[in-house]
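Note sheet for the following structure.
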Amino acid sequence: MRYPQASGSSRLTRVLGWSALAALALNTWWGLWLSPPDVVQGQFVRMLYIHPAVATMCYAGFGVCALGSVAWLWPRLRSPRWDRLAVAGAEVGAVFCFATLVTGSIWGRASWGVWWTWDARLTLTAILFALSLGYLALRRSIDNPHSRALASSMVAVLMALTVVVDHYATVWFVTLHQNETLFQPDPTIHGWQLATMLVSFLAFGLVFAWMMVHRYRLEVLEERYEREGFTSALEARRSEALPERRVEVPAR
Amino acid sequence: MNYVVAAWLSCGAILVAYSARTLRRERSLRRSLAPKDGPRWR
């Protein structure tokens, strides 16, 4: 019989965790010291080495959530594993979405002079964050695992559609937010800036993977805790219902 | 430069806070699920 360890680390999480820390250290060194200031943005370009990577991980989280949800909805593939993957993606995606909003707001204040504006990209990201919180709240409000997975899958599909609209918001609408920097035929970024940005994607990608593994494991443990807690409560109730053995006191 | 530092620190704080919370929850559940008379924690 395998007993759970107090520590949740395994070879996979140790490798992922240390690689993520090393990549983050490299990203910080290059991003804050080695990379030169930009001709247009000056020192503010250093926010480029966190914000786009964090936003991409937010999309990745909601993408994994949608993938898990669609797989769960598919009758042939239906398994609790997909539902666990979906909730892990949604929660990690929500964390990265919050970080995207915070770092984006600070960059907006530095570049545009305002903390917030009702720009299409910003508004859609805020809607996405609200949807992710709704998804997590919905899961907490339904006890039945099947109903919970079914209802949350619908929200996950809606979130995935919002991700697509959010991604193309700078193309489809007139926005203050700049267009894509990296993924275009002739990237507007070169040299140290390009290298640092690529390192940032690697670093936050590793952080994302580490978080996903731990969040998935947490879901497995929570399910087990609920199951075993229910079994022990049932046993306690049954033992209460059994007739008590009374010791007869002989009459004088 | 203050904005840059604020952005980096806030991003780090959010990710560290969430990671710490996840690890704490995981550790707490592992302890709860351990058999009371079983082997000691590794």
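Residue numbers begin at 1 in each chain, while the letters A, B, ... track the order of the sequences.
- Heavy-atom contacts from other residues, nucleotides or ligands closer than 6.0 Å to CH2 of A/Trp192 number more than 12.
- Sparse packing is recorded around CZ of A/Phe98, with 12 or fewer heavy atoms of other residues, nucleotides or ligands lying under 6.0 Å away.
- Chain B forms more heavy-atom pairs under 4.5 Å with one residue of A/Val45, A/Leu218, A/Thr103 than with any other, namely A/Leu218.
- Heavy atoms of A/Val95 lying under 4.5 Å from chain B belong to its backbone as well as its side chain.
- Using a 4.5 Å cut-off between heavy atoms, B/Leu15 contacts chain A through both its backbone and its side chain.
- If you measure heavy-atom distances from A/Val92 to chain B, the contacts under 4.5 Å come from both the backbone and the side chain.
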Run the salt bridge (charged side-chain N to carboxylate O under 4.0 Å, His left out) check on A/Glu223 and A/Arg227 step by step: do they pass?
CA-CA 6 Å; A/Glu223 279 174 18; A/Arg227 201 170 51 240; 5.2 Å; no
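- Of the atoms belonging to A/Trp107, not a single heavy atom falls under 4.5 Å from chain B.
- With a 4.5 angstrom heavy-atom cutoff, A/Thr100 does not touch chain B via any of its atoms.
- Considering only heavy-atom pairs separated by less than 4.5 Å from chain B, the leading option among A/Glu91, A/Arg215, A/Glu228 is A/Glu91.
- Using a 4.0 Å cut-off between charged side-chain N and carboxylate O, A/Arg148 and A/Glu219 make no salt bridge.
- For the pair B/Ser28 (side chain) and B/Arg24 (backbone), a donor-acceptor distance under 3.5 Å is absent.
- Classified by interplanar angle (parallel below 30°, tilted 30° to 60°, perpendicular above 60°), the ring pair B/Tyr3/A/Phe44 is perpendicular.
- Interface summary for chain B: among A/Val207, A/Val54, A/Val102, A/Thr28, the most heavy-atom pairs under 4.5 angstrom belong to A/Thr28.
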